[in-house]
K.L.:
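Here it is, the structure in full.
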Amino acid sequence: MAMRLPDPGGRFGDFGGQYLPESLVPACQELEAAFRLAWADPGFLGEYHSILRDYAGRPTPVTECHNLSQQLGVRVLLKREDLTHTGSHKINNVIGQALLTRRMGKRQVVAETGAGQHGVATATACALFGLECVVYMGEVDVERQALNVFRMKLLGAEVHPVSSGSRTLKDAINEAMRHWVATVESTHYCLGSVMGPHPYPWMVREFQRVVGDEAREQARAVLGGSDPDYVVACVGGGSNAAGTFAGFVDTDARLVGVEPAGGAAIGKGIPGVVHGSKSFLLQDEHGQVLEAHSISAGLDYPGVGPEHAHLASLGRARYVAAGDAEVLEALQLLSRSEGIIPALEPAHALAWIVRAAGSDELPEGSTVLMTLSGRGDKDAQQVMELLG
Amino acid sequence: MSEVVPLEATLRQRRDGGRKLLVPYVTGGLGADWLDVIRAYADAGADAVEVGLAFSDPVMDGPTIQAASQRALEQGATPSGVVAALGSADVGVPLVVMTYYNVVFRSGHRRFAAALRDNGVAGAIVPDLPLEELDDWDRAATDGGVETVLLASPVTPDDRLARLVERTRGFVYGVGLMGVTGERERVAASTSILAKRLKAATDKPVIIGFGVSTPAHAAEVATEADGVIVASALMRKRLDGAGPQELGAVVAGLRAALDAL
Ligand SMILES: Cc1ncc(COP(=O)(O)O)c(C=O)c1O
C-alpha cells in the first residue's frame, strides 16, 4: 500500500534515503526519533491540531466552482489552502516542525524558501514560539517575491539572499544546509517540502496530510458520498500534493501532480541524488544538476520529493506539466470566473485541468478536486509586470 | 597510464617511519596547468594528493571551494575528463578523488571505480555517502580496488565512530569542526578532541581537514593527528592566479612545519 511508512532506511521503493554528510547524520536520527514519538503522542497531536484550528484557521473549506465548472464541462472543487493564516499550505508543516523544535530543546530554526511562503510560515511560527529564525532565499526570488521578504523581516526573521548558482530554491537549500552543518547542535532545519534526507519526506507528508484528510470528507459531503474522479495538485518539492494524495491514495481517485514545464523532474529527469535523497532529478550526463526555469518561484526546482518518484514508478499517480503562458491564463481565469486569485504555483494545477478538460485525460462530466495551495497576493507585482 | 600507488599502505609506511602526513587538495580542471599543480605538491613533500571532481551543488564546501568548483565547471571540467587526465599524471604519490555522490551514481558504481583504478587513482572521498548508504558503492569500490575514505565528525557518537573506522580505507578523514570547508583564524577546539578520539579508536592513519589554513595550524593539529588536509588556503591562492610553483611553495611551508615537530 502506497503512502505508508518508508522502510527503515527512509526509502519509498528505490527512492529517498539519507545521503548526508556525517555531521548531519546524528541530527536527522534525533529528528526521526523525536517525530516518531511525537506523532504517536496524543498530547503532541492535540496541540498540533488545536494550533492549526485556532491559529492557522483549519479546517479550510472546499469550494465548488460553479462558473468554472460550467465553462470547462468538469466539476471542479477547490481545497482552499489559500485561506489559511499566512496564505498557503506551508503553515501546516511549519507548525508541526516548530513544535518538534521546542520538544528537541533547540532555539534556532533555519529554513530555505523559494516563493517565500515557506519562509513566511516559518517566520510566523518562530514568532509564535519564541524561536530565532534564519531564512535563505535565492536573489532571483528575493526580487520576484519582494512582498514576502518584507513580511519575513516584519515577523522578526533574518533573511539572507543567496547569490550562488541559479540563485533560486536549489541554491537556497544548499546555503540552508551549510548553515545547519555549522549550527546543528542548537538549530533545527525546517525544510519546506517533502524532500531532503529521511525523515523529512515522510514527516512533511504527515504534517501535510491534514489537507487530504479534510478534503476527502468535505468532497464526499459535496459529491453525495462519492470520492472525486481526479485529485490534482501542483508539484514543486511536492508537499501540498503529497498531503493531498495521502487522503485519497486508498480511494479510486486518479492522482495527478502538475510540474512546471521548465522544472519537470519526474517528466524529464532521471534518478539522482541531491539534497539528501534519491529521486528524479534534472541533470546532465556527468551528474551536474541543471537549473530549472519557471515563472513560479515555488516550483523552480530541478528535483522532486522521493515519494512522488515512487508513486510515479508504481503508476499510482501521474505527473504532467504546465507551461508559463497557460499558467498565467489559468490564474486570470480563476480570478474572473470565481473571484479567487490563486498563487502561480497552484495555477499550474488549474492550467492542466483547463487544458485536459473534455479530453481522454479528463473526460467531460468528471469530478475534480484540486488543491489551491496558496493565494496570489505574493505574485500580484510579478503578474502585473508580466501582463504589462 | 599511471600505476596506482596504494593509499593506506603508503600512508601507514610513512607514518610508521615517523613522518607527519600532508595531503593538499586541488580542484581538478581548474586552470590548464592543474596537473602541474599536483606534480608541484608531490615535489614539495605531499604524501598524497586530494583531487576534487567539481559538482554543481557542493553542500559541504564553503565559498572558496564553491568558487573553485564553479570556475572549473565553467572551464569545461567534467568528472570523467579529470579522472582520465589523472591517468597521465604519474606523480609517485597516491591520488584520492573527492566528489559528491551524484557524480558517482550518475557514472555508475562499477564504471566509476574502474575509471579510477585504470587512471591510477587509489581512493575516493564521498562526503554525502554516510555509513547508512555506503554498501552499494563500497562493494563496487572494493571489487574494483578503490579505497573509500570515510569522514568522521565531532558529533559522531563513539559506537558509530567505531563502525566508521572499521569500514574506512586508506585513512580516516577527521572533519575537525562543525561547518563547511574554508579557512579559519584558528584551529577549532573540536579538532584536537576528535583527533584524540580517532587515534584511540584506530590504528589506521588519522588525517584531519577543514579549517587547517596555515603551517602553524598544521603543526598544531598534527601533534594529535597523523596528518592534515589543506584545501581552501591553497584554492584561494589558486583562484587569485597562483600557479604550480607558488602553490608548491605553500605546500613546502606546510611540510617544513610538520617536519619540525
Ligand atoms: C502556494 C504554493 N504552492 C506550492 C508550492 C510548492 O511546494 P510544494 O510542491 O512542496 O507544495 C509553494 C512553494 O513555495 C507555494 O508557495
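Quick note: numbers below take in every heavy atom, side chains included, and nothing from hydrogens, waters or symmetry partners.
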K.L.:
For the OG atom of B:Ser107 and the NE2 atom of A:His286, what is their distance to the nearest 0.5 Å?
P.N.:
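Interatomic distance, B:Ser107 OG to A:His286 NE2, rounded to 0.5 Å: 10.5 Å.
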
K.L.:
Report which part of B:Pro127 has an atom under 4.5 Å of a heavy atom belonging to chain A: side chain, backbone, both, or neither.
P.N.:
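For B:Pro127, backbone heavy atoms alone lie under 4.5 Å from chain A.
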
K.L.:
Heavy-atom pairs under 4.5 Å with chain A are the metric here; pick the option from B:Asp61, B:Leu53, B:Val104 that has the most.
P.N.:
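Of the options given, most contacts go to B:Asp61.
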
K.L.:
Got a second to check how far B:Leu131's CG is from A:Leu20's CG, nearest 0.5 Å?
P.N.:
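Here the rounded value is 12.0 Å.
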
K.L.:
Is it the backbone or the side chain of B:Leu73 that comes under 4.5 Å from a heavy atom of chain A, or both, or neither?
P.N.:
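Only the side chain of B:Leu73 comes within 4.5 Å of chain A.
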
K.L.:
If I compare all heavy atoms of A:Arg178 with all of B:Val59, which pair ends up nearest, and what's the gap?
P.N.:
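Closest heavy-atom pair between A:Arg178 and B:Val59: CG-O, 3.1 Å.
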
K.L.:
Have a look at B:Glu132 and tell me which of A:Gln18, A:His198, A:Gln29 forms a side-chain hydrogen bond (donor to acceptor under 3.5 Å, both in side chains) with it.
P.N.:
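Single side-chain hydrogen bond (donor to acceptor under 3.5 Å, both in side chains) partner of B:Glu132 among A:Gln18, A:His198, A:Gln29: A:Gln29.
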
K.L.:
Minimum heavy-atom separation for B:Val155 to A:Ser23, with atom names?
P.N.:
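Shortest heavy-atom separation between B:Val155 and A:Ser23 comes out as CG2-O, 3.5 Å.
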
K.L.:
Side chain, backbone, both or neither: which part of B:Leu164 has a heavy atom under 4.5 Å from chain A?
P.N.:
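The answer is the side chain of B:Leu164.
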
K.L.:
Using a cut-off of under 4.5 Å on heavy-atom pairs, state which of B:Asp57, B:Thr99, B:Leu129 scores highest against chain A.
P.N.:
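Max contact count across the listed options: B:Asp57.
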
K.L.:
Between B:Phe105 and chain A, with a heavy-atom cut-off of 4.5 Å, which part of the residue counts as in contact: side chain, backbone, both or neither?
P.N.:
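The side chain, not the backbone.
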
K.L.:
Which bit of B:Ala67 is near chain A, if near means a heavy-atom gap under 4.5 Å: side chain, backbone, both or neither?
P.N.:
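No part of B:Ala67 comes within 4.5 Å of chain A.
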
K.L.:
So which part of A:Glu185 gets closer than 4.5 Å to some heavy atom of chain B, the side chain, the backbone, both or neither?
P.N.:
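Side chain only.
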
K.L.:
Less than 4.5 Å apart, any side-chain heavy atom of A:Val274 and any of B:Asn102?
P.N.:
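Result no, sub-4.5 Å side-chain heavy-atom pair not found.
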
K.L.:
Check whether A:Pro21 gets within reach of chain B through its side chain, its backbone, both or neither, counting any heavy atom under 4.5 Å.
P.N.:
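It is both, since atoms from each part get that close.
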
K.L.:
Quick check on A:Pro271 against chain B: is it the side chain, the backbone, both or neither that has a heavy atom closer than 4.5 Å?
P.N.:
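Contact with chain B is through both the backbone and side chain of A:Pro271.
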
K.L.:
So for A:Leu290, is it side chain, backbone, both, or neither that comes closer than 4.5 Å to the heavy atoms of chain B?
P.N.:
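Contact with chain B: none, neither part.
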
K.L.:
What part of B:Pro58 gets within 4.5 angstrom of chain A, counting heavy atoms only: side chain, backbone, both, or neither?
P.N.:
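Both parts, backbone and side chain.
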
K.L.:
Report which part of A:Ile270 has an atom under 4.5 Å of a heavy atom belonging to chain B: side chain, backbone, both, or neither.
P.N.:
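When you check distances to chain B, only side chain atoms of A:Ile270 fall under 4.5 Å.
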
K.L.:
Give a yes or no on this: more than 12 heavy atoms of other residues, nucleotides or ligands lie within 6.0 Å of atom CD of B:Glu166.
P.N.:
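Incorrect, the count does not exceed 12.
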
K.L.:
Would you call A:Glu22 and B:Arg160 a salt bridge, using N to O less than 4.0 angstrom?
P.N.:
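Yes.
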
K.L.:
Around atom CZ of B:Arg111, are there more than 12 heavy atoms from other residues, nucleotides or ligands closer than 6.0 Å?
P.N.:
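No, because the 6.0 Å sphere around CZ of B:Arg111 holds 12 heavy atoms or fewer from other groups.
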
K.L.:
How many angstroms lie between CG in A:Asn174 and CD in B:Gln66, if you round to the nearest 0.5 Å?
P.N.:
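Output value for this atom pair is 7.5 Å.
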
K.L.:
Please check if the side chain of A:Gln283 supplies one atom and the backbone of B:Arg106 the other of a donor-acceptor pair under 3.5 Å.
P.N.:
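Not confirmed, A:Gln283 side chain does not pair with B:Arg106 backbone.
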
